[in-house]
Amino acid sequence: MPDIVIPRHLAVIMDGNGRWAERRHRPRMIGHRAGARAVNVCIDFCLQRGIEVLTLFAFSSENWKRPEEEVGALMKLFLNALEREVDELHRRGVRVRFIGERERFAAPIRERMAAAEALTAGNARLTLAIAASYGGRQDIAAAARALAAEVAGGRLRVEDIDEAAVDARTALADLPAPDLFIRTGGDHRISNFLLWQLAYTELWFTETLWPDLDASVLQQALDDFAGRERRFGLTGAQLAQNREGTPA
Ligand code: IPE
Ligand code: IPE
Ligand code: MG
């Protein structure tokens, strides 16, 4: 049987909700609601394929600057989703966690985030990381701040600050780095998602708007991923040698 290369960690920018609604001459919020359904499609797919980690970009640090009405409606949707979906996720063996500046959310949302994490902490089938009020630059800045505080407190020496030390203080440090990144909605950019963590991630983009997501789109991404050669800076010949078990 041929090897099927399944990404361990899938990271997704769920983009295109607003345009999906605008094309239907409906308010943007209708698109966000439809987008919430697509989240379940994506989680189901990961569970079926045995993907270990799914990171979803739900709300960026910059999205706070959207019109107040849209931000308010998104917060309501977020709160409803937390109330509605967490028990089912728990039943299905999903471990939920949140990354981002959670202090920016109102208390009821923060409380439900903490409760969801506590309830599902022991699950191991799929880790679902939800990036909410998240920014890649903010993540790296927080790591730098943590390192500086440790140096100032005498717990860390400047010369011990290396890539591993920074990595350990960024979000998702305990998980494998994303293997595959998917962005829906047709734009080819990272939009301040996991900047540090995506260093060697394979990138895949689709015109499909997030609310139109189905398993066949995700399968296309996986098929494309399976055909790629990830070289991590080495040569193709070195990789072939490594596969044969001989040292490069
Ligand atoms: C992504 O869809 C959801 C969030 C950023 C919260 P958008 O709302 O960005 O949809 P488009 O890109 O405007 O179509
Ligand atoms: C990225 O989408 C953030 C999320 C999907 C949560 P945006 O719609 O905010 O990104 P830009 O503005 O098109 O770069
Ligand atoms: Mg967008």
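Quick note: residue numbers are just sequence positions, from 1. For ligands, and for the atoms within them, numbers begin at 1 and follow the listed sequence.
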Once you restrict to heavy atoms under 4.0 Å, what part of Ala58 touches ligand 1? Side chain, backbone, both or neither. backbone
Sub-6.0 Å ring centroid separation between Phe205 and Phe181: yes
Which ligand 1 atoms does Arg19 reach within 4.0 Å, using its non-hydrogen atoms? 11 (P), 12 (O), 14 (O)
So is Gly185 close enough to ligand 1, meaning a heavy atom under 4.0 angstrom away? no
Atom name of the N, O or S atom of Asp15 nearest to the Mg ion (ligand 3) is OD1
Atom indices of ligand 2, in the order listed, that fall short of 4.0 Å to a heavy atom of Phe59: 6 (C)
Is it true that Arg66 lies under 4.0 Å from ligand 2, counting heavy atoms only? yes
Going by heavy atoms, is His32 under 4.0 Å from ligand 1? yes
State whether Asp187 contributes an N/O/S atom found under 2.8 Å from the Mg ion (ligand 3). no
In the protein, what heavy atom is nearest to atom 11 (P) of ligand 2, and what distance, to one decimal place, separates them? Ser191 OG, 3.6 Å
Identify, by atom number and element, the atoms of ligand 2 in contact range of Arg189, meaning under 4.0 Å from any of its heavy atoms. 11 (P), 13 (O), 14 (O)
Assert yes or no for the condition that the ring centre distance of Trp210 to Phe57 is strictly below 6.0 Å. no
Considering only NZ, NE, NH1 and NH2 on the basic side and carboxylate oxygens on the acidic side, decide whether Arg91 and Glu88 come within less than 4.0 Å. yes
Compute the shortest N/O to N/O distance between Ser60 and ligand 2 and return yes if it is under 3.5 Å, no if not. no
Think Arg23 forms a cation-pi with Trp20, using NZ or CZ under 6.0 Å from the six-ring centre and within 45 degrees of its axis? no
When you check the gap from the basic side-chain N to the acidic O, do Asp224 and Arg228 get nearer than 4.0 Å? yes
Hey, is Asp15 close enough to Arg183 for a salt bridge, meaning N to O under 4.0 Å? yes
Within the structure, is a non-hydrogen atom of Lys65 found at a distance of less than 4.0 Å from ligand 2? no
Of all heavy-atom pairs between Gln138 and Ser61, which one has the smallest distance, and what is that distance? NE2-OG, 3.2 Å
Just to be sure I read this right, does ligand 1 sit under 4.0 Å from the backbone of Asn63, its side chain, both, or neither, counting only heavy atoms? side chain
Around atom 10 (O) of ligand 1, find the nearest protein heavy atom and jot down its residue, atom name and distance. Gly18 N, 2.9 Å
Presence of salt bridge, Arg97 and Asp174, under 4.0 angstrom: yes
When distances are taken from atom 13 (O) of ligand 1, the protein heavy atom at minimum range is Arg28 NH2, 3.0 Å
Under 4.0 Å from any heavy atom of Arg183, which atoms of ligand 2 are there? 2 (O), 10 (O), 11 (P), 13 (O), 14 (O)
So if I count the atoms of ligand 1 from 1 in the order they appear, which ones are less than 4.0 Å from some heavy atom of Met14? 1 (C), 2 (O), 3 (C)
Arg8/Glu52 salt bridge by N-O under 4.0 Å criterion: yes
Relative to the heavy atoms of Ile13, which atoms of ligand 2 are at a distance of less than 4.0 Å? 1 (C), 5 (C)
Test: Glu117 and Arg95 ion pair at under 4.0 Å: no
Does any non-hydrogen side-chain atom of Gln197 lie less than 4.5 Å from one of Asp139? yes
